[in-house]
Amino acid sequence: MRKAELEDELLDGDPPAREIQDAIDKLNVRMADARREIAQYGVKSNLTDISAAELRKEWEDYSVPRKQPVYRSLIREILIHPATRPFNIWNLDRVEIFWR
């Protein structure tokens, strides 16, 4: 169905066309809500735009999804070395972080 035909049906009050338009309107509202929610978790993409003092002050209030982009921008790689025998237990000394 072409756009002009759909517009004519909407103007004529055709029930199926009205249902389609109602569904489109509902989806647009849901997409706008989703965009607002995504923006809530946004973090400045360039960490030079935020001071270390600001980041330290607000860090505890950040949710995990909001902290993840910060980690990604600061850490290049995390290497976990193999456990040594006979103890196969977690040891923080096995973790090596490579910063950007």
Applying side chain to side chain donor-acceptor pair (under 3.5 Å), name anything that partners [X], two or more places apart in sequence or on another chain.
X   : value
E96 : H81
D22 : none
D33 : R36

**Prompt:** Counting heavy atoms not belonging to R56, are there more than 12 under 6.0 Å from its CZ?
**Reply:** no
Run the side chain to side chain contact (heavy atoms under 4.5 Å, CB included) test against [X] and tell me which residues pass, sequence neighbours left out.
X   : answer
W90 : I80, L92, R94, V95
N28 : I24, M31
R72 : Q68, P69

**Item:** Partner set under ring-ring contact (aromatic ring centres under 6.0 Å, His included) for F98, not counting sequence neighbours
**Value:**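 If we apply the ring-ring contact (aromatic ring centres under 6.0 Å, His included) test to F98, skipping adjacent residues, there are no hits.
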**Request:** May I ask whether V64 and V70 are part of the same hydrophobic cluster, defined by side-chain heavy atoms of I, L, V, M, F, W, Y residues being less than 4.5 angstrom apart, directly or through others?
**Result:**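 Per the 4.5 Å side-chain linkage, V64 and V70 are not co-clustered.
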**Asked** What about W99 and Y71, are their ring centers closer than 6.0 Å?
**Response**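 Aromatic pair excluded; centres sit 6.0 Å or further apart.
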**Message:** Just verifying a value: how many Å separate R30 CZ and D25 CG, rounded to the nearest 0.5 Å?
**Reply:** 13.5 Å
